[in-house]
Amino acid sequence: MYTQSLDTAPALKAMPAPADAAQAGLQTRFDTKLDTSQKIEPQDWMPEAYRKTLIRQISQHAHSEIIGMQPEGNWISRAPSLKRKAILLAKVQDEAGHGLYLYSAAETLGVSRDQLLDGLHTGKAKYSSIFNYPTLTWADVGVIGWLVDGAAIMNQVPICRCSYGPYARAMIRICKEESFHQRQGFESLMVQMGGTAEQRTMVQDAVNRWWWPVLAMFGPPDANSPNTAQGMRWGIKRISNDELRQKFVDATVPQTKVLGVTLPDPDLKWNEDRQCHDYGAIDWDDFWAVVGGNGPCNKERLATRVKAHEEGQWVRDAALAYADKQKARALKEAA
Ligand SMILES: [Fe+2]
Ligand SMILES: [Fe+2]
């Protein structure tokens, strides 16, 4: 899924002045590339702060994809039909794939997979706070597809134009798959809304629980996002958190009418002057509590991830042993 504009990094310091003429030349070439919408590639010179920002963002995104497998994976064995099980399996596998593309993209910036995973497993690195909420009913699976993947698409489509080539290219494929995730969620909910009164209540309850955490996925308000301007200058961020959130609200409201659900926000209404919807205040204290490790499922998610990693050690050992054997054979044949 799912990046989150999780601007928890300290505000970037002013960019240091170039140390000498050679450095100034490199900086100028870098700036020209940004100004002319050329991609920055792994072998190109880049400012250290640009590299670090990308490593943080891409790895946070990769971690979110991998942790994001858990809330829905929880329902694979209980999906109500073979068709729903096949769809959900495919979706959860897609999320694993997204994580792998993104770890690979991060590795091109000179950080190892082990370092990235270590950051996640020790709790140093963040992932999207949305995955620290539980999936209580089958309707949650549909709502995650519809709203969480929907928010992810809104967030991620602009990253297809990110200035860093490997990240931008990974995002093009990821966004195509996220569209399928969003559609399957909406379709599943449509079927449930056409079912019994109990099913409709279940869908509405899931919408009520997920709506506000989904709005928070876009990250803190622009006024509290000190690094947005630098991210925009670098071509990493294209649209601000508040603008993306607004676009998402405006796109979602008509869909709720098709579905027959209401959004749990008494302040939500069309604003004729602004030509978009007004919406109520987001509970940022709750958001920061979850980001800080105190959400309903933070500990469980991390423990499950660490256990899966430890239990997969034999697979990594076997793959390495096999690769060594192949290499030794190739060397022997070449000799
Ligand atoms: Fe994904
Ligand atoms: Fe997804």
Side-chain angles (χ1 to χ4, degrees), residues 1-6 54 56-76 79 84-107 113 116-117 120 125-135 138-162 164 166-189 206-207 210-211 213-219 244 247-248 251-252 255 297 301 304-305 308:
M1 283 171 205
Y2 315 98
T3 180
Q4 168 175 284
S5 300
L6 194 56
L54 276 169
R56 197 186 68 244
Q57 181 172 331
I58 301 173
S59 61
Q60 228 168 251
H61 191 166
H63 301 328
S64 302
E65 301 282 356
I66 299 296
I67 295 281
M69 296 167 73
Q70 292 184 36
E72 290 175 290
N74 182 32
W75 280 91
I76 290 172
R84 294 292 169 199
K85 194 188 286 266
I87 293 171
L88 187 56
L89 263 175
K91 179 184 189 288
V92 173
Q93 282 181 346
D94 282 354
E95 306 303 1
H98 298 173
L100 296 180
Y101 309 150
L102 290 165
Y103 283 129
S104 298
E107 283 173 301
R113 182 79 57 104
L116 296 170
L117 290 178
L120 174 63
K126 299 288 178 205
Y127 56 84
S128 180
S129 55
I130 196 76
F131 303 117
N132 291 316
Y133 293 89
T135 38
W138 172 249
D140 288 36
V141 174
V143 170
I144 287 182
W146 174 41
L147 293 180
V148 176
D149 287 272
I153 294 167
M154 200 58 91
N155 242 330
Q156 291 175 186
V157 165
I159 308 175
C160 297
R161 295 185 289 119
C162 170
Y164 189 59
Y167 193 23
R169 289 188 287 274
M171 289 317 300
I172 291 170
R173 177 161 177 182
I174 289 175
C175 283
K176 285 185 182 152
E177 293 177 349
E178 298 301 1
S179 287
F180 154 72
H181 298 172
Q182 198 265 356
R183 291 286 188 95
Q184 66 80 35
F186 189 79
E187 194 267 343
S188 170
L189 293 176
V207 171
W210 287 93
W211 176 247
V214 165
L215 285 193
M217 272 176 76
F218 292 92
L244 286 168
K247 276 160 71 94
F248 176 74
T252 305
Q255 294 170 10
C297 303
R301 299 286 184 245
T304 302
R305 173 89 279 277

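Remember, it's 1-based here, ligands and their atoms both numbered in the order they're listed.
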- Query: Can you list the steps and then say if H63 with Q60 is a side chain to side chain donor-acceptor pair (under 3.5 Å)?
  - Reply: CA-CA 5 Å; H63 301 328; Q60 228 168 251; over 6 Å; no

- Message: Is the ring pair W211/F248 parallel, tilted or perpendicular, if the boundaries are 30 and 60 degrees?
- Response: parallel

- For the Fe ion (ligand 1), find the closest N/O/S atom on E178 and give its atom name. OE2

- Query: Has D94 got an N/O/S atom less than 2.8 Å from the Fe ion (ligand 2)?
  - Reply: no

- Query: Any N/O/S atom, backbone or side chain, of E177 lying under 2.8 Å from the Fe ion (ligand 2)?
  - Reply: no

- Item | N, O or S atom within E95 nearest to the Fe ion (ligand 1), by name | OE1

- Check all N, O or S atoms of H98 and name the one closest to the Fe ion (ligand 1). ND1

- Message: Given D149, which partner from the list H181, Q184, R183 fulfils the side-chain hydrogen bond (donor to acceptor under 3.5 Å, both in side chains) test?
- Response: H181

- Query: Can you name the N/O/S atom of D149 that is nearest the Fe ion (ligand 2)?
  - Reply: OD1

- Item | Contacts of type ring-ring contact (aromatic ring centres under 6.0 Å, His included), residue Y101, not counting sequence neighbours | none

- the Fe ion (ligand 2) to nearest N/O/S of H181 below 2.8 Å: yes

- Got a sec, which residues hit salt bridge (Lys or Arg N to Asp or Glu O under 4.0 Å) with R161, two or more places apart in sequence or on another chain? none

- Query: Do H98 and E95 meet the criterion of a side-chain donor-acceptor pair at a distance under 3.5 Å?
  - Reply: yes

